[in-house]
Amino acid sequence: MPIFKSPKGTRDIFYSELYHWQVIESRAREIFRRYNYEEIATPIFEDKKLFLRGLGTQTEIVEKQLFILKYAAQEEEKEKFCLRPEGTAPVVRAYVEHNLYKDWPVAKFFYIGPMFRGERPQRGRLRQFHHIGAELIGSLSFYADLEIIMLASQIIKELGINNYKMLINSLGCNQDKERLKMLLKEKLLGGKEKLCEVCQRRLHTNILRILDCKNETCRKLVRELRIDKEDYLCEECLAHYLNLRQQLEKFKVSFKEDPYLVRGLDYYTQTVFEFVHPSLGAQNAFGGGGRYNNLLEELGGVRGGCVGFALGMERMLMIIDNLPSLEEGIFIFIAVTDKLFYNNAISLLYDLREKGFEVDLDYRFGSLKSQMRRANKLKARFCIIIGKDEVEKNFFTLRDMENAQQMTLGYQDLLAYLSKQKNA
Ligand code: HAM
(Lines give C-alpha, C1' and ligand atoms only; values in the text may rest on other atoms or scores of the structure.)
Protein backbone atom coordinates (compact mmCIF):
# COMPACT_ATOMS: atom_id res chain seq x y z
CA MET A 1 0.00 0.00 0.00
CA PRO A 2 1.39 3.41 -0.88
CA ILE A 3 1.81 5.77 2.07
CA PHE A 4 1.21 8.87 0.00
CA LYS A 5 -1.04 9.68 -2.90
CA SER A 6 -0.95 12.75 -5.14
CA PRO A 7 -3.12 15.54 -3.65
CA LYS A 8 -6.83 15.47 -4.49
CA GLY A 9 -7.50 17.06 -7.86
CA THR A 10 -3.95 16.56 -9.16
CA ARG A 11 -2.55 13.82 -11.40
CA ASP A 12 0.75 12.15 -12.19
CA ILE A 13 1.44 12.10 -15.90
CA PHE A 14 3.88 9.60 -17.37
CA TYR A 15 4.62 7.09 -20.10
CA SER A 16 2.23 7.18 -23.05
CA GLU A 17 0.09 9.96 -21.57
CA LEU A 18 3.11 12.19 -21.22
CA TYR A 19 4.00 11.33 -24.78
CA HIS A 20 0.55 12.52 -25.85
CA TRP A 21 1.14 15.77 -23.99
CA GLN A 22 4.38 16.24 -25.83
CA VAL A 23 2.70 15.60 -29.19
CA ILE A 24 -0.03 18.14 -28.36
CA GLU A 25 2.48 20.71 -27.15
CA SER A 26 4.73 20.38 -30.15
CA ARG A 27 1.83 20.65 -32.59
CA ALA A 28 0.55 23.73 -30.77
CA ARG A 29 4.03 25.30 -30.72
CA GLU A 30 4.37 24.77 -34.45
CA ILE A 31 1.05 26.53 -35.06
CA PHE A 32 1.98 29.40 -32.71
CA ARG A 33 5.11 29.89 -34.81
CA ARG A 34 3.03 30.01 -37.98
CA TYR A 35 0.94 32.80 -36.42
CA ASN A 36 4.06 34.58 -35.07
CA TYR A 37 3.36 34.18 -31.33
CA GLU A 38 6.31 34.27 -28.91
CA GLU A 39 6.42 32.04 -25.87
CA ILE A 40 6.27 33.64 -22.43
CA ALA A 41 6.82 31.87 -19.11
CA THR A 42 5.57 33.71 -16.05
CA PRO A 43 5.96 32.54 -12.43
CA ILE A 44 3.65 29.91 -11.04
CA PHE A 45 2.86 32.15 -8.07
CA GLU A 46 2.00 35.83 -8.13
CA ASP A 47 0.83 38.59 -5.83
CA LYS A 48 -2.79 37.59 -5.14
CA LYS A 49 -3.86 41.22 -5.67
CA LEU A 50 -3.06 40.76 -9.36
CA PHE A 51 -5.99 38.38 -9.60
CA LEU A 52 -8.28 40.31 -7.21
CA ARG A 53 -7.79 43.33 -9.40
CA GLY A 54 -7.64 41.52 -12.72
CA LEU A 55 -10.36 38.90 -12.50
CA GLY A 56 -12.76 40.68 -10.14
CA THR A 57 -13.31 40.12 -6.43
CA GLN A 58 -16.79 38.66 -6.97
CA THR A 59 -15.71 35.92 -9.35
CA GLU A 60 -15.82 32.37 -8.11
CA ILE A 61 -12.12 31.87 -8.84
CA VAL A 62 -11.07 34.79 -6.64
CA GLU A 63 -13.75 34.34 -3.99
CA LYS A 64 -13.34 30.65 -3.38
CA GLN A 65 -10.64 29.03 -5.41
CA LEU A 66 -7.33 30.83 -4.92
CA PHE A 67 -4.53 28.72 -3.46
CA ILE A 68 -3.08 31.33 -1.14
CA LEU A 69 0.44 30.62 0.08
CA LYS A 70 0.71 30.78 3.82
CA TYR A 71 4.49 30.69 3.84
CA ALA A 72 6.33 33.99 4.02
CA ALA A 73 10.00 34.74 4.46
CA GLN A 74 8.95 38.09 5.89
CA GLU A 75 5.94 39.03 7.93
CA GLU A 76 4.63 41.43 5.27
CA GLU A 77 4.65 38.62 2.70
CA LYS A 78 2.34 36.42 4.73
CA GLU A 79 -0.55 35.33 2.49
CA LYS A 80 0.61 37.83 -0.13
CA PHE A 81 1.06 35.28 -2.90
CA CYS A 82 -1.16 32.70 -4.55
CA LEU A 83 -0.71 30.01 -7.17
CA ARG A 84 -1.85 31.37 -10.51
CA PRO A 85 -5.42 30.35 -11.40
CA GLU A 86 -5.01 31.48 -15.02
CA GLY A 87 -2.46 32.99 -17.39
CA THR A 88 -3.99 36.18 -18.79
CA ALA A 89 -3.44 38.54 -15.86
CA PRO A 90 0.20 37.39 -15.40
CA VAL A 91 0.97 37.94 -19.10
CA VAL A 92 -0.50 41.44 -19.01
CA ARG A 93 1.36 42.12 -15.74
CA ALA A 94 4.64 41.09 -17.43
CA TYR A 95 3.89 43.24 -20.49
CA VAL A 96 3.33 46.31 -18.30
CA GLU A 97 6.18 45.58 -15.87
CA HIS A 98 8.81 45.25 -18.61
CA ASN A 99 7.46 48.19 -20.56
CA LEU A 100 7.12 46.01 -23.64
CA TYR A 101 4.79 48.55 -25.16
CA LYS A 102 7.81 50.53 -26.37
CA ASP A 103 9.04 47.82 -28.72
CA TRP A 104 5.86 45.82 -29.06
CA PRO A 105 2.82 48.11 -29.28
CA VAL A 106 1.09 44.99 -30.53
CA ALA A 107 2.46 41.92 -28.75
CA LYS A 108 1.53 38.29 -29.33
CA PHE A 109 2.35 35.75 -26.63
CA PHE A 110 1.61 32.12 -25.99
CA TYR A 111 2.10 30.02 -22.85
CA ILE A 112 1.82 26.39 -21.85
CA GLY A 113 1.76 25.47 -18.20
CA PRO A 114 -0.04 24.52 -15.00
CA MET A 115 -2.82 26.57 -13.41
CA PHE A 116 -4.33 26.05 -9.94
CA ARG A 117 -7.87 26.42 -8.70
CA GLY A 118 -9.26 25.08 -5.45
CA GLU A 119 -12.19 23.31 -7.11
CA ARG A 120 -14.23 20.37 -5.90
CA PRO A 121 -12.61 17.70 -8.10
CA GLN A 122 -14.76 15.77 -10.55
CA ARG A 123 -14.43 14.41 -14.07
CA GLY A 124 -12.59 17.06 -16.10
CA ARG A 125 -12.30 19.39 -13.13
CA LEU A 126 -8.96 19.41 -11.37
CA ARG A 127 -7.10 21.55 -8.88
CA GLN A 128 -3.98 21.54 -10.98
CA PHE A 129 -4.69 21.60 -14.68
CA HIS A 130 -2.82 22.88 -17.72
CA HIS A 131 -3.44 25.63 -20.22
CA ILE A 132 -2.29 26.19 -23.74
CA GLY A 133 -3.10 29.85 -24.16
CA ALA A 134 -2.40 32.94 -26.24
CA GLU A 135 -2.84 36.66 -25.73
CA LEU A 136 -2.82 39.39 -28.37
CA ILE A 137 -2.11 42.68 -26.59
CA GLY A 138 -2.56 46.17 -28.04
CA SER A 139 -5.31 46.03 -30.65
CA LEU A 140 -8.95 47.05 -30.51
CA SER A 141 -9.67 45.70 -33.97
CA PHE A 142 -12.14 42.88 -34.61
CA TYR A 143 -9.40 41.44 -36.87
CA ALA A 144 -7.48 40.68 -33.67
CA ASP A 145 -10.51 38.74 -32.34
CA LEU A 146 -10.59 36.94 -35.67
CA GLU A 147 -6.90 35.99 -35.42
CA ILE A 148 -7.28 34.64 -31.90
CA ILE A 149 -10.31 32.55 -32.88
CA MET A 150 -8.62 31.34 -36.08
CA LEU A 151 -5.53 30.38 -34.06
CA ALA A 152 -7.48 28.45 -31.41
CA SER A 153 -9.57 26.74 -34.12
CA GLN A 154 -6.44 25.79 -36.06
CA ILE A 155 -4.94 24.12 -32.99
CA ILE A 156 -8.21 22.32 -32.25
CA LYS A 157 -8.49 21.14 -35.85
CA GLU A 158 -4.90 19.97 -36.15
CA LEU A 159 -5.14 18.10 -32.86
CA GLY A 160 -7.98 16.08 -34.37
CA ILE A 161 -10.87 17.29 -32.19
CA ASN A 162 -14.18 16.81 -33.98
CA ASN A 163 -17.85 17.42 -33.23
CA TYR A 164 -17.18 20.44 -31.09
CA LYS A 165 -19.04 23.75 -31.13
CA MET A 166 -17.83 27.28 -30.70
CA LEU A 167 -20.26 29.51 -28.80
CA ILE A 168 -19.91 33.24 -29.16
CA ASN A 169 -21.43 36.33 -27.59
CA SER A 170 -20.68 39.99 -26.95
CA LEU A 171 -20.93 41.67 -23.55
CA GLY A 172 -20.08 45.11 -24.93
CA CYS A 173 -17.98 47.85 -23.38
CA ASN A 174 -18.19 48.97 -19.73
CA GLN A 175 -21.28 51.08 -20.35
CA ASP A 176 -22.95 48.26 -22.28
CA LYS A 177 -22.21 45.80 -19.50
CA GLU A 178 -23.79 48.21 -17.03
CA ARG A 179 -26.83 48.53 -19.32
CA LEU A 180 -27.10 44.76 -19.53
CA LYS A 181 -26.85 44.47 -15.74
CA MET A 182 -29.60 47.08 -15.29
CA LEU A 183 -31.80 45.30 -17.78
CA LEU A 184 -31.32 42.01 -15.98
CA LYS A 185 -31.99 43.60 -12.62
CA GLU A 186 -35.22 45.14 -13.89
CA LYS A 187 -36.42 41.89 -15.36
CA LEU A 188 -35.28 39.51 -12.62
CA LEU A 189 -35.81 41.41 -9.38
CA GLY A 190 -39.60 40.98 -9.43
CA GLY A 191 -39.47 37.17 -9.51
CA LYS A 192 -36.26 36.80 -7.60
CA GLU A 193 -37.56 34.06 -5.30
CA LYS A 194 -37.76 31.77 -8.32
CA LEU A 195 -33.98 31.97 -8.80
CA CYS A 196 -31.65 29.49 -7.14
CA GLU A 197 -29.99 30.56 -3.89
CA VAL A 198 -26.68 31.36 -5.58
CA CYS A 199 -28.36 33.50 -8.23
CA GLN A 200 -30.37 35.39 -5.61
CA ARG A 201 -27.00 36.44 -4.22
CA ARG A 202 -25.65 37.09 -7.73
CA LEU A 203 -28.48 39.62 -8.26
CA HIS A 204 -26.49 41.92 -5.97
CA THR A 205 -22.93 40.77 -6.53
CA ASN A 206 -22.36 39.42 -10.05
CA ILE A 207 -25.64 39.57 -11.90
CA LEU A 208 -24.24 38.64 -15.32
CA ARG A 209 -23.37 35.15 -14.06
CA ILE A 210 -27.10 34.45 -13.69
CA LEU A 211 -27.16 34.22 -17.49
CA ASP A 212 -25.05 31.07 -17.53
CA CYS A 213 -26.31 29.46 -14.33
CA LYS A 214 -26.64 25.69 -14.83
CA ASN A 215 -29.71 25.40 -12.57
CA GLU A 216 -32.70 24.34 -14.70
CA THR A 217 -35.18 26.87 -13.24
CA CYS A 218 -32.72 29.74 -13.62
CA ARG A 219 -31.98 28.65 -17.18
CA LYS A 220 -35.68 28.64 -18.00
CA LEU A 221 -36.21 32.07 -16.45
CA VAL A 222 -33.26 33.52 -18.28
CA ARG A 223 -34.38 32.10 -21.60
CA GLU A 224 -37.73 33.83 -21.19
CA LEU A 225 -36.05 37.24 -20.85
CA ARG A 226 -35.41 37.62 -24.57
CA ILE A 227 -32.66 40.22 -24.39
CA ASP A 228 -31.36 41.25 -27.82
CA LYS A 229 -27.90 42.59 -28.53
CA GLU A 230 -29.52 45.84 -29.71
CA ASP A 231 -31.00 46.29 -26.22
CA TYR A 232 -27.64 46.86 -24.58
CA LEU A 233 -24.80 47.09 -27.14
CA CYS A 234 -23.72 50.58 -28.26
CA GLU A 235 -23.27 51.25 -31.94
CA GLU A 236 -19.52 50.64 -31.85
CA CYS A 237 -19.73 47.36 -29.97
CA LEU A 238 -22.57 46.11 -32.13
CA ALA A 239 -20.54 46.91 -35.25
CA HIS A 240 -17.50 45.13 -33.73
CA TYR A 241 -19.61 42.04 -33.11
CA LEU A 242 -21.27 42.04 -36.53
CA ASN A 243 -17.95 42.58 -38.30
CA LEU A 244 -16.39 39.69 -36.42
CA ARG A 245 -19.34 37.47 -37.22
CA GLN A 246 -19.04 38.35 -40.89
CA GLN A 247 -15.32 37.51 -40.88
CA LEU A 248 -15.96 34.17 -39.19
CA GLU A 249 -18.50 33.36 -41.87
CA LYS A 250 -16.08 34.43 -44.57
CA PHE A 251 -13.41 32.07 -43.23
CA LYS A 252 -15.97 29.32 -42.67
CA VAL A 253 -15.39 29.11 -38.92
CA SER A 254 -18.57 27.56 -37.64
CA PHE A 255 -20.05 29.15 -34.54
CA LYS A 256 -23.28 29.31 -32.63
CA GLU A 257 -24.46 32.56 -31.11
CA ASP A 258 -25.18 32.12 -27.43
CA PRO A 259 -26.73 35.23 -25.84
CA TYR A 260 -26.29 33.63 -22.40
CA LEU A 261 -22.55 33.12 -22.59
CA VAL A 262 -20.76 35.40 -20.08
CA ARG A 263 -17.82 33.29 -18.79
CA GLY A 264 -16.48 33.29 -15.29
CA LEU A 265 -14.01 36.15 -15.33
CA ASP A 266 -14.92 39.81 -14.89
CA TYR A 267 -12.33 41.21 -17.25
CA TYR A 268 -14.20 40.42 -20.45
CA THR A 269 -15.56 43.19 -22.65
CA GLN A 270 -17.14 42.77 -26.09
CA THR A 271 -16.38 39.33 -27.55
CA VAL A 272 -16.54 36.15 -25.46
CA PHE A 273 -16.33 32.63 -26.86
CA GLU A 274 -16.16 29.08 -25.64
CA PHE A 275 -15.38 25.70 -27.22
CA VAL A 276 -17.69 22.94 -26.03
CA HIS A 277 -17.83 19.21 -26.69
CA PRO A 278 -20.87 17.00 -25.96
CA SER A 279 -18.89 14.04 -24.61
CA LEU A 280 -17.35 16.09 -21.79
CA GLY A 281 -20.56 16.06 -19.75
CA ALA A 282 -21.17 18.72 -17.11
CA GLN A 283 -17.78 20.41 -17.63
CA ASN A 284 -18.32 20.66 -21.37
CA ALA A 285 -15.99 23.59 -22.18
CA PHE A 286 -12.51 22.60 -23.25
CA GLY A 287 -11.42 26.11 -24.10
CA GLY A 288 -12.52 29.69 -24.03
CA GLY A 289 -11.51 33.27 -24.23
CA GLY A 290 -12.46 36.70 -25.34
CA ARG A 291 -11.61 40.36 -25.38
CA TYR A 292 -10.56 42.21 -22.24
CA ASN A 293 -10.07 45.88 -23.07
CA ASN A 294 -9.76 47.19 -19.50
CA LEU A 295 -7.13 44.92 -18.06
CA LEU A 296 -4.07 46.60 -19.55
CA GLU A 297 -4.99 49.98 -18.07
CA GLU A 298 -6.24 48.38 -14.87
CA LEU A 299 -2.79 46.87 -14.33
CA GLY A 300 -1.00 50.16 -14.97
CA GLY A 301 -0.43 50.04 -18.73
CA VAL A 302 -1.51 52.31 -21.54
CA ARG A 303 -5.06 52.10 -22.80
CA GLY A 304 -5.43 49.38 -25.39
CA GLY A 305 -7.40 46.35 -26.38
CA CYS A 306 -6.45 42.75 -25.72
CA VAL A 307 -7.92 39.43 -26.72
CA GLY A 308 -6.91 35.83 -25.98
CA PHE A 309 -7.87 32.25 -25.29
CA ALA A 310 -6.87 29.23 -23.25
CA LEU A 311 -7.43 25.56 -24.04
CA GLY A 312 -7.52 23.03 -21.21
CA MET A 313 -5.01 20.26 -21.82
CA GLU A 314 -6.76 17.61 -19.71
CA ARG A 315 -10.16 18.17 -21.27
CA MET A 316 -8.68 18.14 -24.77
CA LEU A 317 -7.02 14.81 -24.06
CA MET A 318 -10.46 13.42 -23.27
CA ILE A 319 -11.81 14.27 -26.73
CA ILE A 320 -8.94 13.98 -29.20
CA ASP A 321 -9.58 11.23 -31.73
CA ASN A 322 -6.66 9.09 -32.82
CA LEU A 323 -3.84 10.06 -30.53
CA PRO A 324 -0.60 8.57 -31.85
CA SER A 325 0.61 5.64 -29.79
CA LEU A 326 4.05 5.53 -28.29
CA GLU A 327 5.53 3.15 -30.83
CA GLU A 328 9.18 3.91 -30.54
CA GLY A 329 11.36 1.95 -28.17
CA ILE A 330 14.99 2.20 -27.22
CA PHE A 331 17.44 1.74 -30.11
CA ILE A 332 20.00 -0.51 -28.39
CA PHE A 333 19.82 -2.74 -25.33
CA ILE A 334 22.97 -4.32 -23.88
CA ALA A 335 22.73 -7.74 -22.23
CA VAL A 336 25.40 -9.87 -20.54
CA THR A 337 25.56 -13.66 -20.25
CA ASP A 338 27.16 -13.46 -16.81
CA LYS A 339 27.71 -10.83 -14.14
CA LEU A 340 31.45 -11.11 -14.86
CA PHE A 341 30.86 -8.88 -17.89
CA TYR A 342 29.09 -5.96 -16.20
CA ASN A 343 32.15 -3.76 -16.56
CA ASN A 344 32.40 -4.41 -20.29
CA ALA A 345 28.70 -3.65 -20.67
CA ILE A 346 28.93 -0.40 -18.71
CA SER A 347 31.95 0.77 -20.74
CA LEU A 348 30.11 0.09 -23.99
CA LEU A 349 26.97 1.78 -22.61
CA TYR A 350 28.66 5.15 -22.03
CA ASP A 351 30.77 4.86 -25.17
CA LEU A 352 27.67 4.40 -27.36
CA ARG A 353 25.75 7.14 -25.54
CA GLU A 354 28.69 9.48 -26.09
CA LYS A 355 28.49 8.65 -29.78
CA GLY A 356 24.83 9.66 -29.87
CA PHE A 357 22.95 6.35 -29.61
CA GLU A 358 19.97 5.67 -27.36
CA VAL A 359 21.19 2.78 -25.21
CA ASP A 360 20.15 1.14 -21.98
CA LEU A 361 20.60 -2.04 -19.96
CA ASP A 362 18.95 -3.74 -17.01
CA TYR A 363 20.66 -2.84 -13.74
CA ARG A 364 19.32 -5.95 -12.07
CA PHE A 365 21.67 -7.96 -14.32
CA GLY A 366 19.56 -11.10 -13.99
CA SER A 367 19.63 -14.10 -16.31
CA LEU A 368 20.11 -13.52 -20.02
CA LYS A 369 16.49 -14.58 -20.51
CA SER A 370 15.16 -11.94 -18.12
CA GLN A 371 17.40 -9.30 -19.74
CA MET A 372 15.96 -10.23 -23.14
CA ARG A 373 12.46 -9.91 -21.71
CA ARG A 374 13.38 -6.42 -20.58
CA ALA A 375 14.76 -5.64 -24.06
CA ASN A 376 11.43 -6.70 -25.55
CA LYS A 377 9.47 -4.64 -23.05
CA LEU A 378 11.55 -1.58 -23.96
CA LYS A 379 10.89 -2.34 -27.64
CA ALA A 380 14.62 -2.39 -28.33
CA ARG A 381 15.53 -2.36 -32.01
CA PHE A 382 18.90 -4.12 -31.42
CA CYS A 383 20.40 -6.04 -28.58
CA ILE A 384 24.17 -6.33 -28.06
CA ILE A 385 25.10 -9.46 -26.16
CA ILE A 386 28.39 -9.65 -24.25
CA GLY A 387 29.63 -13.05 -23.03
CA LYS A 388 32.81 -15.03 -22.50
CA ASP A 389 33.57 -15.57 -26.21
CA GLU A 390 32.86 -11.95 -27.04
CA VAL A 391 35.23 -10.65 -24.40
CA GLU A 392 38.00 -13.15 -25.07
CA LYS A 393 37.90 -12.79 -28.82
CA ASN A 394 37.10 -9.09 -28.85
CA PHE A 395 33.83 -8.96 -30.80
CA PHE A 396 30.17 -8.29 -30.12
CA THR A 397 27.04 -10.27 -30.87
CA LEU A 398 24.35 -8.06 -32.33
CA ARG A 399 20.79 -9.32 -32.40
CA ASP A 400 18.27 -7.67 -34.68
CA MET A 401 15.12 -7.78 -32.53
CA GLU A 402 12.83 -7.45 -35.55
CA ASN A 403 13.89 -10.67 -37.28
CA ALA A 404 15.89 -12.42 -34.50
CA GLN A 405 18.97 -12.60 -36.78
CA GLN A 406 22.31 -12.47 -34.99
CA MET A 407 25.70 -11.43 -36.30
CA THR A 408 29.14 -11.04 -34.81
CA LEU A 409 31.00 -7.80 -35.40
CA GLY A 410 34.24 -6.16 -34.33
CA TYR A 411 33.96 -2.80 -32.55
CA GLN A 412 34.47 -0.60 -35.65
CA ASP A 413 32.07 -2.68 -37.76
CA LEU A 414 29.52 -2.59 -34.96
CA LEU A 415 29.67 1.23 -34.87
CA ALA A 416 29.45 1.49 -38.64
CA TYR A 417 26.50 -0.90 -38.80
CA LEU A 418 24.55 0.80 -36.00
CA SER A 419 25.19 4.27 -37.47
CA LYS A 420 23.89 3.11 -40.83
CA GLN A 421 20.78 1.62 -39.21
CA LYS A 422 20.19 4.72 -37.13
CA ASN A 423 20.21 6.95 -40.17
CA ALA A 424 18.24 4.54 -42.35
P1 HAM B 1 -11.12 29.51 -18.46
O2 HAM B 1 -12.37 29.30 -19.24
O3 HAM B 1 -11.25 29.75 -17.03
O4 HAM B 1 -10.38 30.73 -19.16
O5 HAM B 1 -10.16 28.29 -18.70
C6 HAM B 1 -9.90 27.79 -20.00
C7 HAM B 1 -10.03 26.28 -20.05
O8 HAM B 1 -9.26 25.69 -19.00
C9 HAM B 1 -11.43 25.75 -19.80
O10 HAM B 1 -12.19 25.79 -20.97
C11 HAM B 1 -11.13 24.31 -19.38
O12 HAM B 1 -10.88 23.51 -20.50
C13 HAM B 1 -9.84 24.47 -18.61
N14 HAM B 1 -10.12 24.48 -17.16
C15 HAM B 1 -10.53 25.51 -16.41
N16 HAM B 1 -10.68 25.13 -15.11
C17 HAM B 1 -10.34 23.82 -15.07
C18 HAM B 1 -10.28 22.83 -14.02
N19 HAM B 1 -10.55 23.13 -12.76
N20 HAM B 1 -9.89 21.57 -14.34
C21 HAM B 1 -9.57 21.25 -15.62
N22 HAM B 1 -9.60 22.13 -16.64
C23 HAM B 1 -9.98 23.39 -16.38
C24 HAM B 1 -9.24 31.31 -18.71
O25 HAM B 1 -8.56 30.87 -17.82
C26 HAM B 1 -8.85 32.57 -19.45
N27 HAM B 1 -7.57 33.02 -18.93
C28 HAM B 1 -8.83 32.38 -20.95
C29 HAM B 1 -8.45 33.62 -21.67
C30 HAM B 1 -7.25 33.92 -22.18
N31 HAM B 1 -9.25 34.66 -21.87
C32 HAM B 1 -8.55 35.60 -22.50
N33 HAM B 1 -7.34 35.17 -22.68
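When a ligand or atom number is given, it counts from 1 through the structure's own listing order.
- Remark: among candidates Gly287, Ala89, Gly312, the nearest residue to atom 10 (O) of ligand 1 is Gly287, based on non-hydrogen atoms.
- Comparing Glu314, Arg263, Gln283 by heavy-atom distance to atom 1 (P) of ligand 1, the nearest is Arg263.
- The protein heavy atom nearest to atom 31 (N) of ligand 1 is Tyr268 OH, 2.7 Å.
- By the 4.0 Å N-to-carboxylate-O rule, Glu86 lies too far from Arg117 to be salt-bridged with it.
- Applying the side-chain hydrogen bond (donor to acceptor under 3.5 Å, both in side chains) test to pairs two or more places apart or on separate chains, none has a residue in residues 187-206.
- Where the criterion is an N or O separation shorter than 3.5 Å, residue side chain and backbone included, Glu274 fails it with respect to ligand 1.
- Within 6.0 Å of CZ on Phe45 lie no more than 12 heavy atoms contributed by other residues, nucleotides or ligands.
- Checking only distances, Val307 never comes within under 3.5 Å of ligand 1, N or O to N or O.
- For atom 18 (C) of ligand 1, the closest non-hydrogen atom on the protein side is Phe129 CD2, 3.4 Å.
- Of the heavy atoms in Leu265, only side-chain atoms (C-beta onward) come closer than 4.0 Å to ligand 1.
- Contacts of Phe309 with ligand 1, taken as heavy-atom pairs under 4.0 Å, involve the backbone alone.
- Nearest to atom 6 (C) of ligand 1 by heavy-atom distance, out of His131, Glu86, Arg125, is His131.
- In summary, the aromatic rings of Phe129 and His131 are positioned with their centroids under 6.0 Å apart.
- Phe32 and Phe309 have parallel rings, their planes meeting at less than 30° on a 0 to 90° scale where 60° marks the start of perpendicular.
- Of the N or O atoms in Tyr267, one or more lie within a sub-3.5 Å distance of an N or O in ligand 1.
- Shortest contact from atom 11 (C) of ligand 1 to any protein heavy atom: Arg315 NH1, 3.5 Å.
- Under the 4.0 angstrom criterion for non-hydrogen atoms, Gly124 is in contact with ligand 1.
- Between Phe286 and Phe275, the ring planes lie tilted relative to each other; the angle falls in the 30° to 60° range.
- Not counting sequence neighbours, the partners of Arg125 by the side-chain hydrogen bond (donor to acceptor under 3.5 Å, both in side chains) test are Glu119.
- Looking at Gly289 next to ligand 1, no N or O pair under 3.5 Å apart turns up.
- Separation of the Phe382 and Phe333 ring centroids does not fall under the 6.0 Å cut-off.
- Tyr292 and Gln270 share no donor-acceptor pair across their side chains, judged by distance under 3.5 Å alone.
- Of the protein's non-hydrogen atoms, Leu126 N, 2.8 Å is the one closest to atom 20 (N) of ligand 1.
- Between the side chains of Asn162 and Lys157, no donor-acceptor pair of N or O atoms lies under 3.5 Å.
- Comparing Gly290, Ala134, Ala285 against atom 9 (C) of ligand 1, the shortest heavy-atom distance belongs to Ala285.
- The single protein non-hydrogen atom nearest to atom 33 (N) of ligand 1 is Glu135 OE1, 2.8 Å, given as residue, atom name and distance.
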